[in-house]
> 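Input: one structure, supplied below.
Computed from a predicted model, the values in this text were never measured in an experiment. The figures here come from the full heavy-atom set of this structure, side chains too, leaving out hydrogens, waters and symmetry mates.
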Amino acid sequence: QVQLVESGGGLVQAGGSLRLSCVVSGRSFSTRVMAWWRQAPGTEREFVAAIARTGDDTRYSDSVKGRFTISRDNAESTVTLQLSSVKPEDTAVYYCAARYGTVVTRTSAYSFWGQGTQVTVSS
């Protein structure tokens, strides 16, 4: 059984920073690709960032590239998303997800999902 639990969401002013964390329980964290997705009201879930099993490959959506940073700590079974220079359009529920295999950006490729954490950016 794999469980993903996100934390760190909240209210932040535009231009500010926020750090999201996702702790993964169960075995074999280091064998999984980890990713962050987000979903704003009335929109489809959107890919944000992903990181390979060893952390040597990362992908970002164009909308967050240069502002967000994904990292992982395999010893702590944790993946982190650092949000910087946030904008009101970053407001969404942020989800942590995991999959076996390579880094991909298709929602359907991820088998394990957390419950999400709300990020609200005020202007």
> Can you say whether the rings of W37 and Y110 are parallel (under 30°), tilted (30 to 60°) or perpendicular (over 60°)?
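Plane angle over 60°, so perpendicular.
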> Say whether, by atom type as modelled, one donor and one acceptor occur between the side chain of Q39 and the main chain of E46 under 3.5 angstrom.
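A pair under 3.5 Å: no.
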> Can you name the closest pair of heavy atoms from V48 and F68 and give their distance?
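Reported closest heavy-atom pair: CG1-CD2, 3.8 Å.
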> What heavy-atom pair brings C22 and L4 nearest, and what distance separates the two atoms?
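Looking at all heavy atoms of both residues, the shortest contact is SG-CB, 3.9 Å.
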> Do L83 and L20 come close enough that some side-chain heavy atom pair is under 4.5 Å?
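Counting from C-beta outward, L83 and L20 do come under 4.5 Å.
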> Please say whether the positively charged group of R32, taken as NZ for Lys or CZ for Arg, lies over the ring of F112, i.e. under 6.0 angstrom from the six-membered ring centre and within 45 degrees of the axis.
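Yes, R32 sits over the ring of F112.
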> Would you call S17 and Q82 a side-chain contact if the rule is heavy atoms closer than 4.5 Å?
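They are in side-chain contact.
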> Between CG of L81 and CH2 of W36, what distance do you get to the nearest 0.5 Å?
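Going from the CG atom of L81 to the CH2 atom of W36 covers 6.0 Å.
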> Just verifying a value: how many Å separate N74 CG and S28 OG, rounded to the nearest 0.5 Å?
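Rounded to the nearest 0.5 Å, the CG-OG separation comes out at 11.0 Å.
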> Should S30 and R53 count as side-chain neighbours, where that means a heavy-atom distance under 4.5 Å?
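Counting from C-beta outward, S30 and R53 never come under 4.5 Å.
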> Quick one: does S25's side chain get under 4.5 Å of V2's, heavy atoms only?
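No - every pair of side-chain heavy atoms lies 4.5 Å or more apart.
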> Side chains of R72 and S77, heavy atoms from C-beta outward: is any pair under 4.5 Å?
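They are not in contact (no side-chain heavy atoms under 4.5 Å apart), so the answer is no.
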> Please examine the side chains of T117 and V93, heavy atoms only from C-beta on, and report whether any two atoms are closer than 4.5 Å.
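The answer is no; the side chains never approach within 4.5 Å.
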> At their closest point, which heavy atom of F29 faces which heavy atom of D73, and how far apart are they?
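Here F29 and D73 meet closest at CE2-O, 3.8 Å.
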> Out of curiosity, K87 NZ to S123 OG, how far, rounded to the nearest 0.5 Å?
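Reported to 0.5 Å precision, the distance equals 14.0 Å.
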> Between V24 and M34, which heavy-atom pair has the shortest distance, and what is it?
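Looks like CG2-CE, 3.7 Å.
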> Looking at CZ of R45 and OG of S108, how far apart are the two atoms once the value is rounded to the nearest 0.5 Å?
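Spacing of CZ (R45) from OG (S108) equals 12.5 Å.
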> If you define the side chain from C-beta out and look only at heavy atoms, does anything of T107 sit under 4.5 Å from W113?
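In contact.
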> For Q118, does the CD atom have more than 12 heavy-atom neighbours from other residues, nucleotides or ligands under 6.0 Å away?
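Above 12, so yes.
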> If Ile, Leu, Val, Met, Phe, Trp and Tyr residues are connected whenever their side-chain heavy atoms lie under 4.5 Å apart, and connections chain through other members, are I70 and Y100 in the same group?
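Yes; tracing contacts between hydrophobic side chains, which count when under 4.5 Å, links both residues.
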> Please find the pair of heavy atoms, one from R67 and one from S85, that lie closest to each other, and give the distance.
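Nearest pair, atom of R67 first, then S85: NH1-O, 3.0 Å.
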> Between K65 and D62 (salt bridge meaning N to carboxylate O under 4.0 Å), is one present in this structure?
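Salt bridge flag = yes for D62 with K65.
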> Do V104 and F47 land in one hydrophobic cluster if side-chain heavy atoms of ILVMFWY residues count as linked below 4.5 Å?
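They do share one cluster, since a chain of ILVMFWY contacts under 4.5 Å joins V104 to F47.
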> Is there side-chain contact between V64 and R38, with at least one heavy-atom pair below 4.5 Å?
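SC-SC contact between V64 and R38 confirmed.
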> If you draw a 6.0 Å radius around CD in E89, do more than 12 non-hydrogen atoms from other residues or ligands fall strictly inside?
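More than 12 within 6.0 Å, yes.
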> Indicate the atoms forming the closest heavy-atom contact of S21 with T80, along with that distance.
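That closest heavy-atom pairing would be OG-OG1, 3.9 Å.
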> Between CZ of R59 and CD1 of I51, what distance do you get to the nearest 0.5 Å?
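Nearest 0.5 Å value for the CZ-CD1 distance: 12.0 Å.
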